[in-house]
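Below, chains carry the letters A, B, ... as their sequence lines are ordered, and counting in each starts from 1.
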Amino acid sequence: MLSNKPRCASLPNYLLMQSIIPTLTELVENALQACAQKHAWQLEQPINIAISPAKNPQWGEFSSAIALQLAKLTAKKPIDIANELMAHLPASEMVQTVNVSVPGFLNFSISQNWLSAQIPQILSTGASYWNSNDGQGKKAMVEFVSANPTGPLSVGRGRGGVVGDTFANILQAVGYDVTREYYFNNAGNQMRLLGESLQIRYLQVLGEAVELGENHYQGEYLFELGKRLVAEKGESLRTAEVETFSKYAELAMFDSIKATLERMNIYMDVYFNENSLFEDGSVWDVVNRLTAGGFTYEKDGAIWFVTTRFGVEKDRVLVRSQGVPTYRLPDIAYHENKLRRGFELIVDVLGADHKDEFPDVKMGVEALGYNADGIHLLMNQFVSVKGQRMSTRAGRFTTLDELMDEVGADVVRFFMLQRDSSSHLEFDLDLALEQSEKNPVFYVQYAHARISSILRKAQEEGYSFENADLALLAEPAEKALLLKLLELSEVVRMCAKEFAPHHLTYYARDLASAFHAFYRDCRVLDSQNLPLSTARLQLTAVAQIGLARALHLCGVSAPETM
RNA sequence: GCCUCCGUAGCUCAGUCGGAUAGAGCAGCAGCCUUCUAAGCUGACGGUCGUGCGUUCGAGCCGCACCGGGGGUACCA
């Protein structure tokens, strides 16, 4: 572990707000139990009760298809079941009305009073209103980026960086104690090639007729570094060892990577050096224990891991015949190290090109006697910009820095989060460059700036924020905005549960849209109607907190003016 | 060959456990600024959800086969 950067404190989460879907689920659950008992329904398995937002306002705000699911089990008509369930629903302050529609949906309308009552709660709790405690304070690690210091970060790595950092934010919001970790290797073949590449570039700058080999790093950045080296050291390194160049390049590349990450608002807690696993003997310790457990054998001078025992078609090499381990072995040792440090949830954010190493790691720690269920893969597919694929080795890439120079960190982060990470991402440079409503980042940020502007103006003109009569908030747009705001906690939980941070950007856009509709229909500041102004000011303030929370979880700024 | 991810509107993509009429942004079309930021809003247009079988009361979602694309299939990482 190289360094331990301080990062901003995670938000406390102590207040578990009563959120809508879990509450409705509980109501239906109670009704179901009552009906099942009364009519002796055979519910051998626990029924999964789904509550989803209604697709049409005529059905209220939330619906459940539970009666349709139960039709077969009970041999009754869905519509009858729904009516029966409705009759047994416990009363709740949250629910205004319940009705049944064909073919048997149970529809809920949320009470306006209950909704309004959430406003003071959010105002007093702040951004942590939407937190939950699903993680129960357990230790979680998100390992991401993990690029070896052989070159500037590519756009592809940037996706892993954004997805990993955002997912870490999400885990904190659902109550985990999160560590962000970067795993790297500064020994071995890659670093030797890097050193050779720099050496050749350095000599080229000095006018020598030397050329890069096919395996060397072709990127222009090493030529630039060579020039820098000449400027600093002159010709003194003409006969220097490769190691001198390797070390110099490594430090320079790491500085550049860290600067890039910082620019993207990413701060690692731990930089973990793969080499430490060799130095403390844990790599060889892993081999010995696997061997003692009967999980290895020797063939052709190499040590093989019996992965076929876990149902894989081929065994894998752990230690090459020359005695050098493959990447697989330190990876297993590394994950054992993570488990030994007490992490109960371990998330590896990997690119699609590294996906296949993941199962080997899980099999490895299982063979060592651990339960690997807490280790998860968050794979992200490749990124392309204008059809060009990234390849560091070939030196034909757009670096993250170049991309941020073009469009800014906020746009990069938001765009990287707009796709399911298992889908390919085509970075639309033209759209990203658009400083207008076409660009979804500006759309969301604009809503926040608009809100800020109203609140500023209210303050300047002396409008009261206190003692609001929130029952005055009766417009459909007001209700819709509140409902959308209250959805955030569910969105965050879903992101965590599904390892899918992209839902956040969709939510942010929906919330911005709900605010814009409110802005259109409901004038906030009206000197002729001060009570209504105060009520709407409170709602506006809550919208600001929610929008900022969604943006900040994405690692995107929430500007006060634009 | 095998494994895996993807295939949804002209383009880029969402689609919560299998539920009501499949959604959004962009592009293109038609409108809305003496009032809190028009970086906004409204309307219309746009679909054999890759193809074919199957399971189901009900399939974009589940199963099988096929087609097309990405990634992997190393004693590289």
Side-chain angles (χ1 to χ4, degrees), chain A residues 21 47-56 59 63-66 68-69 71-72 78 101-105 107 146 148 150 185 188-190 215 274 299-304 312-314 316-322 324-328 330-331 351-357 359 379 381-382 384 389 418-420 422-428 430-431 434-447 449-458 461 463 490-491 494 497-498 500 502-503 505-506 509-510 512-513 515-517 519-521 523-526 533 536-537 540 561-562:
Chain A
I21 289 180
I47 305 290
N48 207 350
I49 297 167
I51 307 282
S52 53
K55 296 194 173 148
N56 188 317
W59 299 315
S63 303
S64 175
I66 181 70
L68 283 77
Q69 289 172 253
K72 181 169 281 177
S101 59
V102 288
F105 287 93
N107 305 311
S146 295
N148 288 337
T150 59
N185 172 316
N189 197 39
Q190 275 191 72
N215 289 328
E274 176 185 318
K299 194 180 83 180
D300 307 329
I303 300 176
W304 295 70
V312 179
E313 67 204 281
K314 274 170 73 177
R316 308 285 184 186
V317 171
L318 282 180
V319 183
R320 289 181 276 250
S321 47
Q322 304 92 325
V324 182
T326 62
Y327 65 88
R328 213 166 272 122
D331 269 3
D353 53 339
H354 287 240
K355 204 175 56 146
D356 271 18
E357 72 196 46
M379 183 203 68
Q381 273 288 1
F382 285 174
S384 56
R389 221 173 333 110
Q418 283 194 111
R419 303 284 175 261
D420 184 308
S422 63
S423 288
H424 291 260
L425 189 152
E426 188 171 347
F427 202 99
D428 187 339
D430 293 331
L431 185 60
E434 193 81 46
Q435 305 268 320
S436 75
E437 79 285 355
K438 295 170 194 164
N439 189 326
V441 187
F442 289 103
Y443 178 82
V444 177
Q445 290 184 321
Y446 178 70
R450 217 178 202 186
I451 290 170
S452 305
S453 169
I454 293 171
L455 297 178
R456 255 195 323 271
K457 184 164 175 157
E461 298 186 359
Y463 281 88
E490 284 306 307
V491 171
M494 181 169 69
K497 204 174 114 198
E498 296 180 3
H502 71 282
H503 294 300
T505 54
Y506 284 87
R509 229 163 46 182
D510 284 353
S513 174
F515 176 77
H516 287 311
Y519 178 88
R520 178 191 71 232
D521 293 342
R523 189 177 170 84
V524 178
L525 303 181
D526 180 359
S533 296
R536 286 180 172 170
L537 272 172
T540 304
T561 58
M562 286 180 78

Base, sugar-phosphate, or nothing: which does A:Val324 touch, judged by heavy atoms less than 4.0 Å apart? nothing

Side chains of A:Ser63 and A:Asn107: any donor to acceptor distance under 3.5 Å? yes

Going by centres under 5.5 angstrom and planes under 30 degrees, do the aromatic ring of A:Phe105 and the base ring of B:rA20 stack? yes

For A:Thr540, answer base if it contacts any base atom (sugar-phosphate contacts may also be present), sugar-phosphate if it contacts only those atoms, and nothing otherwise; contact means non-hydrogen atoms under 4.0 Å. nothing

Geometric class of the A:His502/A:Tyr506 ring pair [parallel <30°, tilted 30-60°, perpendicular >60°]: perpendicular

Would you please name every residue forming a salt bridge (charged side-chain N to carboxylate O under 4.0 Å, His left out) with A:Glu461, sequence neighbours left out? A:Lys457

Given that both distances must come in under 3.5 Å, which nucleotide forms a Watson-Crick or G-U wobble pair with B:rU16? none

Protein N or O to nucleotides 4-10 of chain B N or O, pairs below 3.5 Å:
{"unit_1": "B:rU4", "atom_1": "O2'", "unit_2": "A:Lys355", "atom_2": "NZ", "d": "2.0"}
{"unit_1": "B:rC5", "atom_1": "O2'", "unit_2": "A:Ser422", "atom_2": "O", "d": "2.6"}

With sequence neighbours excluded, tell me which residues meet salt bridge (charged side-chain N to carboxylate O under 4.0 Å, His left out) with A:Glu490. A:Arg493

Pi-cation contact, A:Phe515 with A:Arg450 (under 6.0 Å, within 45°): no

Where does B:rC33 land, syn or anti, once you apply the within-90°-of-0 test for syn? syn

Less than 5.5 Å between centroids and less than 30° between ring planes, does A:Trp59 satisfy that with B:rA20? yes

For A:Phe515 and B:rC41, what is the distance between atoms CZ and C1' respectively, to the nearest whole Å? 13 Å

